[in-house]
Protein chains: 2
Amino acid sequence: MFLNRLTELRKSKRWSLQYIADRLGIAKSTYAGYESGYREPSLEATKMLADLYGTSVDFLLGRVTEPNHPPAIQRTEHIELLELDQVTITVDGKSLSSGEIKHVIAFIRVLREMDGTAKK
Amino acid sequence: MFLNRLTELRKSKRWSLQYIADRLGIAKSTYAGYESGYREPSLEATKMLADLYGTSVDFLLGRVTEPNHPPAIQRTEHIELLELDQVTITVDGKSLSSGEIKHVIAFIRVLREMDGTAKK
DNA sequence: ACATATGTACGCGAATCGCGTAAAATTCGC
DNA sequence: GCGAATTTTACGCGATTCGCGTACATATGT
């Protein structure tokens, strides 16, 4: 079995088998076979798994111990939380609704406000 | 075809199909199938190929352009809030710190939990 | 306790693999 | 150049493996 890191990765993100299967467009039982070692994914599926989990194929295969070696050039993209059109933010595999985003923004503002006043 | 870098790698080292096949312990025609795209190697064989060529599986799969750099991470449309090394989320123009992100995740979890129990 | 969601196990048809074989193409000595 | 040896490409066959649906087991939430 070469993908024994899959389960811990998925659980660390609180994703279900069904969620992963849907994202990959495969059956739940198929993905379950990957985690249990009963089946081996194709290279294509393995690549998609690395994308989904935000890691490298080498890490999934246990060829490397670091889950995310930063790329040589760190190109960070900035997204303002209020202007989310093309990108979906998820928590525990469920995308944030527009209502939740508003709450988050309010929450962050209060959080920062408290930080400012408390530290005076 | 996902392994089109194999041929150039092999030729850059002036190796023959037979040589690689022997090193891997497979038939020459089998390895030839990998290069031509006629067949797809198992994950195990893919790992051995990366070892042989002294590169990463991610490079063999074209997931990364640099043969010797550590594998990088690819961005998707969906971004799990836990994996924000690649993208920076901002609120009011100020990027979320890792601590704030943790708070947001906890906040969302509680929010959803409450939503479930206290249905008016 | 019940209903729903999540995880596990397995049989079947279909797709793919690895191999041997052999023809095409390239390289090499002369 | 020219043939022999090496390398590369192509393909059929048997066996393996895949992906799916289904069914069952376990966990979670109302």
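Proteins come first, then strands; the chains are lettered A, B, ... in the order of their sequence lines, and each starts at number 1.
Atom pair A:Y19:OH and C:dT6:P shows a separation of 12 Å (rounding to whole Å applied). Separating the CG atom of A:L17 from the C1' atom of D:dT26 is a distance of 13 Å, rounded to the nearest angstrom. In this structure, CH2 of A:W15 is placed 21 Å from C1' of D:dT28, rounded to the nearest angstrom. Between the C1' atom of D:dC18 and the CD atom of A:E44 lies a distance of 15 Å, rounded to the nearest Å. Spacing between atom CG of B:L6 and atom P of D:dT9 amounts to 12 Å, rounded to whole angstrom units. Rounded to whole Å, the distance from CZ on A:R14 to C1' on D:dA27 is 15 Å. The nearest whole Å value for the distance from the CD1 atom in A:I20 to the C1' atom in C:dG7 is 14 Å.
An end-to-end axis angle of 50° holds for the helix from C:dA1-D:dT30 to C:dC30-D:dG1, taken from five base pairs per end and rounded to 10°.
At least one side-chain heavy atom of B:H103 sits under 4.5 Å from a side-chain heavy atom of A:F107.
Take B:Y38 and apply the ring pair (Phe, Tyr, Trp, His ring centres under 6.0 Å) test, not counting sequence neighbours, and it matches no residue. For B:T30, the side chain to side chain contact (heavy atoms under 4.5 Å, CB included) partners at least two apart in sequence or on another chain are B:I26, B:A27, B:Y34. Remark: B:T7 pairs with B:E35 by the side-chain hydrogen bond (donor to acceptor under 3.5 Å, both in side chains) rule, at least two apart or across chains. A search for side chain to side chain contact (heavy atoms under 4.5 Å, CB included) contacts involving B:A50 returns A:R63, B:V57, B:L60, not counting sequence neighbours. Looking at residues two or more places apart in sequence or on another chain, you find no salt bridge (Lys or Arg N to Asp or Glu O under 4.0 Å) involving A:R39. Remark: B:D22 pairs with no residue by the salt bridge (Lys or Arg N to Asp or Glu O under 4.0 Å) rule, at least two apart or across chains. In this structure, the side chain to side chain contact (heavy atoms under 4.5 Å, CB included) partners of B:K13, at least two apart in sequence or on a different chain, are B:W15, B:Y53.
Nucleic acid contact for B:R10: sugar-phosphate only, since backbone atoms but no base atoms lie under 4.0 Å from a heavy atom of the residue.
For A:E40 (side chain) and B:S42 (main-chain N/O), no donor-acceptor pair under 3.5 Å exists by modelled atom type.
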For each nucleotide in nucleotides 9-26 of chain C, reading 5' to 3', give B when a protein heavy atom comes within less than 4.0 Å of its base, S when such contact involves only the sugar-phosphate, and - otherwise.
B-------BBBBB-----
